[in-house]
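These notes are about the structure you will find just below.
As the structure lists them, so they are numbered: ligands from 1, and atoms in each ligand from 1. Heavy-atom basis, side chains included; hydrogens, waters and symmetry copies ignored. If you're wondering where the values come from, they're calculated on a predicted model, not measured in any experiment.
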Amino acid sequence: MILLDGNKLSAKIRSEIAARVGEYCGNTIRPPHLAAVLVGDNPASQAYVRNKIKACEEVGFTSTLIKKDASITQSQLLELIHELNASEDLDGYIVQLPLPRHIDEEEVNLAIDPSKDVDGFHPNNFGRMALGMSSFLPATPMGIMMMLERYDIQTEGKHCVVLGRSNIVGTPIALLMSKKTKPGNATVTIAHSRTHHLPELLRSAQIIIAALGIPHFVKADMVSPGTVIIDVGINKIEDPANAKGYRLVGDVDFDNVKDKCAAITPVPGGVGPMTITALLENTWRAFRQKF
Ligand code: NAD
């Protein structure tokens, strides 16, 4: 079994990005600059944004954290988005989701300048991705593709079952895996909450990408020997033995599944760090489109 180590691979790719920054930027060219907009005080969002900012520092990017109170109005947030779009100093930015209930996420997403949309959620980028044109890819699917490529996982002609159809993970990774690319060229089935006979379907898969958000959903008896498993899920479960009272687990019952697999990502330390590394790559690309 190959452990698809997202921490190790991310460290390698981030050192490559840092080297590029060192070579390219000097006295005349400023470093790439990413901003993150954080609205409210959702602890998970705070942690994600903290990790993104830390990663920027690691590779020599400039980063700006813009914190706004949960009471921000739709028009105030849109005004901020317009300012970020206009800023010459900024290459890309993300608006950390979820946003408070009174904010229309769709309107916010549509207001983001596609050339700064390093999360790849704007329809311009998503549509370009669907058409196989160059675009900013959503960070989690992009991180998965980078991982498959770097570990030289063969995907061509394989049956890939994607569990989940969200706009940020399930749908885009299913699209990317089905494209005529390497990695890619897989035969993809998207499964979701209404899918019948899921265990049988999963047993027919040679690649499983699990993105449902249900702890330990994929059990050993749903997996055929030799399957490649990408576990996207990040779920908190109670754990009195842990000082925090909880621990993070994936959507796959890792301990009981791992020995049946050809390769598997751990949680934490699999797709999570690759997502942030993909965001750094997108920011680098946004920067290079300007300089
Ligand atoms: P989501 O809630 O938007 O979507 C979940 C999907 O799972 C839905 O499409 C739903 O149809 C499907 N689903 C729900 N129950 C099901 C069932 N019983 N059988 C089959 N399908 C079922 O979730 P999301 O935003 O795509 O995130 C999924 C998981 O991935 C979460 O745990 C989230 O925290 C994690 N995540 C991780 C990263 C990362 O960087 N590692 C990034 C994004 C999301």
Side-chain angles (χ1 to χ4, degrees), residues 4-10 13-14 36 42-55 94-99 101 105-106 109 118-121 126 136-148 160-177 188-205 208-219 221-223 229-237 246-254 264-282:
L4 302 170
D5 187 333
N7 281 330
K8 214 161 135 186
L9 181 54
S10 281
I13 299 173
R14 289 181 200 184
N42 177 325
S45 295
Q46 284 174 337
Y48 291 141
V49 168
R50 236 189 347 262
N51 287 338
K52 289 169 188 175
I53 298 287
K54 210 174 112 214
I94 58 155
V95 179
Q96 185 65 44
L97 302 178
L99 291 168
R101 282 237 191 113
E105 274 185 15
E106 198 173 292
N109 187 29
V118 285
D119 251 343
F121 294 159
F126 205 94
F136 293 119
L137 300 178
T140 302
M142 178 172 166
I144 294 171
M145 296 304 274
M146 287 161 72
M147 181 175 245
L148 294 171
C160 172
V161 173
V162 176
L163 269 173
R165 57 181 163 187
S166 72
N167 289 342
I168 63 166
V169 190
T171 298
I173 191 63
L175 262 169
L176 292 172
M177 287 296 285
V188 179
T189 304
I190 303 182
H192 48 75
S193 53
R194 300 291 185 273
T195 299
H196 293 165
H197 311 300
L198 202 50
E200 288 90 326
L201 181 67
L202 288 172
R203 280 193 290 272
S204 74
I208 296 173
I209 302 179
L212 326 75
I214 303 179
H216 294 163
F217 180 89
V218 178
K219 304 273 189 263
D221 64 0
M222 301 177 187
V223 174
I229 299 196
I230 306 294
D231 189 354
V232 184
I234 301 177
N235 311 291
K236 259 187 189 180
I237 60 165
Y246 70 87
R247 70 192 159 97
L248 296 179
V249 299
D251 290 346
V252 178
D253 183 5
F254 182 89
I264 185 167
T265 58
V267 177
V271 175
M274 291 304 296
T275 295
I276 298 180
T277 301
L279 178 69
L280 297 175
E281 277 290 4
N282 274 344

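- Under a 3.5 Å cut-off, the side chain of Ser204 and the backbone N or O of Leu201 do form a donor-acceptor pair.
- In terms of polar-atom proximity, Ser193 is counted as a contact of ligand 1, with an N or O under 3.5 Å from an N or O of the ligand.
- Here the protein heavy atom with the shortest distance to atom 15 (N) of ligand 1 is Ile214 CD1, 3.6 Å.
- In Leu212, the parts holding a heavy atom less than 4.0 Å from any atom of ligand 1 are both the side chain and the backbone.
- Between Asp251 and ligand 1, not a single N/O pair is under 3.5 Å apart.
- For Asn235, every heavy-atom contact with ligand 1 shorter than 4.0 Å involves the side chain, none the backbone.
- The ligand atoms of ligand 1 that sit less than 4.0 angstrom from a heavy atom of Phe217 are 18 (N), 19 (N).
- Ligand 1 has at least one atom lying under 4.0 Å from a heavy atom of Ala211.
- A distance-only check finds no donor-acceptor pair linking the side chain of Glu105 to the backbone of Pro98 [under 3.5 Å].
- Between the side chain of Thr171 and the main chain of Asn167, no donor-acceptor pair closer than 3.5 Å is present.
- An N or O contact shorter than 3.5 Å links Ile234 to ligand 1 by distance.
- Between the side chain of Asp251 and the backbone N or O of Leu212 there is at least one donor-acceptor pair closer than 3.5 Å.
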